[in-house]
Peer 1: 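One structure, pasted below without further comment.
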Amino acid sequence: MIRGKFITLEGGEGVGKTTNLAFIKSCLEQYKVTVTLTREPGGTELAEKLRQLLLNKDGEAISEQAELLMIFAARAQHIKHVIEPALAKGNWVLCDRFTDATYAYQGGGRNINRCSIEWLENLVQKKLKPDLTILLDAPIEIGLARAKKRANLDRFESEKTIFFEQVRQSYLFQAAQYPERIKLIKADQPLTLVQNELAEIIETFF
Ligand code: T5A
């Protein structure tokens, strides 16, 4: 059995990840691959419970370190029960956010040093890395304005502007570090143009 490929979709709040996931899945399916669609934090029963705790803005304040560990705890479950089994049976895994989000949100946004994240990444992921990452990037005011159209803002969406600026800069830093893997799309264009670029990236990848 040929191992599947692992594709991740990244970006700040409201850049259009959820909107474009189904489109990317349909692009992949044109090449006759079976796609497992999943997300982080989440993807398993326990990881989804951790997601709820992470996004809930009421109750006890979550420390930066606890947040980081909860994210990697969820990721460990997700890899063991969903991502690795799917890849092993030849499925392609399309994941809404993965460890680049941790470098952006916990590293950039919360100022946790890169070495700590790298250490947990090695512990939890071993050799697993995305084969392709698509980063949707837009000025934060555009993404936040889109996200704010929804009724309730979660714990991350309720952060201050500086937090989102640091998240965005960290994502751009990741993209500059790994230009072969991370493909950047300007997400403040009309959706049809974003999707034209997505289709081109998928075609080139194949
Ligand atoms: N997190 C996650 C961490 O801190 N560390 C980690 O390691 C991980 C994995 C998860 C939260 O967890 C944090 C980061 C996150 O805050 P989430 O639900 O995955 O949350 O992420 P969100 O960014 O909150 O998801 P959103 O739904 O807000 O953003 P999306 O999915 O990027 O945006 P989407 O598709 O819902 O679009 C928002 C609106 O914009 C419109 C859509 O129609 C929609 O109304 N839109 C466009 N409008 C015009 N032009 C375009 N090109 C458009 N594209 C979309």
Side-chain angles (χ1 to χ4, degrees), residues 6 8-25 37-44 47-57 62-79 82-83 93-112 114 116-118 120-121 124-125 128 130 133-160 163-164 166-168 170-171 174 184-199:
F6 182 29
T8 58
L9 185 60
E10 296 279 0
E13 308 296 316
V15 289
K17 296 176 301 300
T18 311
T19 306
N20 286 302
L21 272 175
F23 177 79
I24 299 174
K25 182 170 183 277
L37 194 59
T38 187
R39 69 173 181 181
E40 287 215 347
T44 76
E48 289 291 334
K49 284 183 183 158
L50 287 165
R51 178 190 176 92
Q52 281 177 14
L53 293 171
L54 282 160
L55 297 192
N56 179 12
K57 64 181 173 197
I62 302 176
S63 76
E64 286 85 353
Q65 291 75 15
E67 180 180 285
L68 177 70
L69 293 169
M70 286 162 77
I71 283 167
F72 270 106
R75 186 162 295 142
Q77 291 299 105
H78 192 206
I79 292 171
V82 175
I83 298 176
V93 175
L94 174 57
C95 190
D96 187 349
R97 296 190 187 277
F98 195 62
T99 307
D100 290 305
T102 314
Y103 283 102
Y105 281 79
Q106 283 64 50
R110 304 280 190 228
N111 251 324
I112 292 181
R114 245 185 120 77
S116 306
I117 300 175
E118 274 165 6
L120 287 165
E121 181 182 22
V124 166
Q125 291 171 224
L128 178 71
T133 297
I134 299 168
L135 172 60
L136 298 175
D137 175 62
I140 54 168
E141 57 278 10
I142 291 182
L144 284 177
R146 289 180 191 164
K148 280 179 181 160
K149 283 189 193 149
R150 283 191 297 256
N152 293 318
L153 296 183
D154 65 36
R155 196 170 65 84
F156 290 100
E157 288 165 345
S158 310
E159 284 292 340
K160 298 193 176 76
F163 176 86
F164 299 111
Q166 285 163 346
V167 167
R168 184 180 184 209
S170 301
Y171 265 132
Q174 284 289 100
L184 187 88
I185 296 182
K186 276 167 60 60
D188 51 347
Q189 328 175 60
L191 192 56
T192 47
L193 297 186
V194 170
Q195 295 190 335
N196 286 347
E197 289 195 31
L198 284 169

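Whatever order the structure lists them in is the order used to number ligands and atoms, beginning at 1. Values reported hereafter were calculated over all heavy atoms of this structure, with side chains retained and with hydrogens, waters and symmetry mates removed.
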Peer 1: Taking both backbone and side-chain atoms of D96, is any N or O found less than 3.5 Å from an N or O belonging to ligand 1?
Peer 2: no
Peer 1: Mind checking whether D154 has an N or O less than 3.5 Å away from an N or O of ligand 1?
Peer 2: no
Peer 1: Would Y105 count as being in polar contact with ligand 1, using the rule that some N or O on each side must be under 3.5 angstrom apart?
Peer 2: no
Peer 1: If you round to the nearest 0.5 Å, how far is CD of E40 from OG1 of T8?
Peer 2: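 Between T8 OG1 and E40 CD, I get 9.5 Å after rounding to 0.5 Å.
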Peer 1: Counting non-hydrogen protein atoms only, what is the nearest one to atom 26 (P) of ligand 1? Give residue, atom name and distance.
Peer 2: R150 NH2, 3.5 Å
Peer 1: Are any of the N or O atoms of E13 closer than 3.5 Å to those of ligand 1?
Peer 2: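 Such a contact does occur with ligand 1.
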Peer 1: Considering only heavy atoms, does R39 approach ligand 1 within less than 4.0 Å through its side chain, its backbone, both, or neither?
Peer 2: neither
Peer 1: Which residue and non-hydrogen atom of the protein lie closest to atom 31 (O) of ligand 1, and at what distance in Å?
Peer 2: T18 OG1, 2.6 Å
Peer 1: If we only count N/O pairs under 3.5 Å, is T102 in contact with ligand 1?
Peer 2: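 Right, the criterion is met.
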Peer 1: Where is the nearest protein heavy atom to atom 25 (O) of ligand 1: which residue, which atom, and how far?
Peer 2: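 Looking only at protein heavy atoms, the one closest to atom 25 (O) of ligand 1 is K17 NZ, 4.0 Å.
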Peer 1: Is atom 45 (O) of ligand 1 close to the protein, meaning a heavy atom under 4.0 Å from it?
Peer 2: no
Peer 1: E197 and Q189: side-chain hydrogen bond (donor to acceptor under 3.5 Å, both in side chains), yes or no, with the steps?
Peer 2: CA-CA 11 Å; E197 289 195 31; Q189 328 175 60; 3.0 Å; yes
Peer 1: Are any of the N or O atoms of G14 closer than 3.5 Å to those of ligand 1?
Peer 2: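 N/O-N/O distance under 3.5 Å: yes.
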Peer 1: In terms of residue, atom name and distance, what is the protein heavy atom nearest to atom 35 (O) of ligand 1?
Peer 2: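 For atom 35 (O) of ligand 1, the nearest protein heavy atom comes out as T19 OG1, 2.5 Å.
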Peer 1: Under 4.0 Å from any heavy atom of Q106, which atoms of ligand 1 are there?
Peer 2: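 Those qualifying, in numeric order: 3 (C), 4 (O), 5 (N), 6 (C), 7 (O).
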Peer 1: Tell me the nearest of R110, M70, E40, R155 to atom 9 (C) of ligand 1, using heavy-atom distances.
Peer 2: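 Heavy atom nearest to atom 9 (C) of ligand 1 belongs to E40.
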Peer 1: Contact between L153 and K57 at the side-chain level, heavy atoms closer than 4.5 Å - yes or no?
Peer 2: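 In short, these two side chains touch, coming nearer than 4.5 Å.
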Peer 1: Give me the nearest non-hydrogen protein atom to atom 49 (C) of ligand 1 as residue plus atom name, then the distance to 0.1 Å.
Peer 2: R146 NH2, 3.7 Å
Peer 1: Note the single closest protein heavy atom to atom 10 (C) of ligand 1, along with its residue, its atom name and the distance in Å.
Peer 2: R97 NE, 3.8 Å
Peer 1: At less than 4.0 angstrom from any non-hydrogen atom of Q189, what atoms of ligand 1 do you find?
Peer 2: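 Taking each heavy atom of Q189 in turn, ligand 1 has 50 (N), 51 (C), 52 (N) under 4.0 Å.
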Peer 1: Determine whether a donor-acceptor pair (N or O, by modelled atom type, separation under 3.5 Å) exists between the side chain of K17 and the backbone of G12.
Peer 2: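 Judged by distance alone, yes, a pair lies under 3.5 Å.
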Peer 1: Do I79 and F98 come within less than 4.5 Å of each other through their side chains, counting heavy atoms only?
Peer 2: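 Result yes, sub-4.5 Å side-chain heavy-atom pair found.
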Peer 1: Could you tell me whether R75 sits above the aromatic face of F72, with NZ or CZ closer than 6.0 angstrom to the six-membered ring centre and within 45 degrees of the axis?
Peer 2: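 Yes, R75 sits over the ring of F72.
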Peer 1: If I apply the N/O under 3.5 Å rule, does G11 come out as touching ligand 1?
Peer 2: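 Between G11 and ligand 1 (N or O atoms, distance only) the closest approach is not under 3.5 Å.
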Peer 1: Within the structure provided, determine whether D96 and L37 are in side-chain contact (heavy-atom separation under 4.5 Å).
Peer 2: no
Peer 1: With heavy-atom distances below 4.5 Å as the criterion, would you say the side chains of Y105 and F163 are in contact?
Peer 2: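 Heavy-atom side-chain distance check passes, below 4.5 Å.
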Peer 1: Judging by distance only, is a nitrogen or oxygen of F156 under 3.5 angstrom from one on ligand 1?
Peer 2: no
Peer 1: Please confirm whether the backbone N or O of G14 pairs with a side-chain atom of R146, one donor and one acceptor, at under 3.5 Å?
Peer 2: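 Yes.
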Peer 1: Within the structure provided, determine whether I83 and F6 are in side-chain contact (heavy-atom separation under 4.5 Å).
Peer 2: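 In contact.
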Peer 1: Checking a contact table here: which protein heavy atom is nearest atom 6 (C) of ligand 1, and how many Å away?
Peer 2: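 Its nearest protein heavy-atom neighbour is A101 CB, 3.6 Å.
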Peer 1: Looking at side-chain heavy atoms only, is the closest gap between D100 and L135 below 4.5 Å?
Peer 2: no
Peer 1: Could you find the nearest protein heavy atom to atom 20 (O) of ligand 1 and give me its residue, atom name and distance?
Peer 2: R51 NH2, 3.8 Å
Peer 1: Can a donor-acceptor pair be found, under 3.5 Å and without considering hydrogens, that links the side chain of E157 to the backbone of D154?
Peer 2: yes
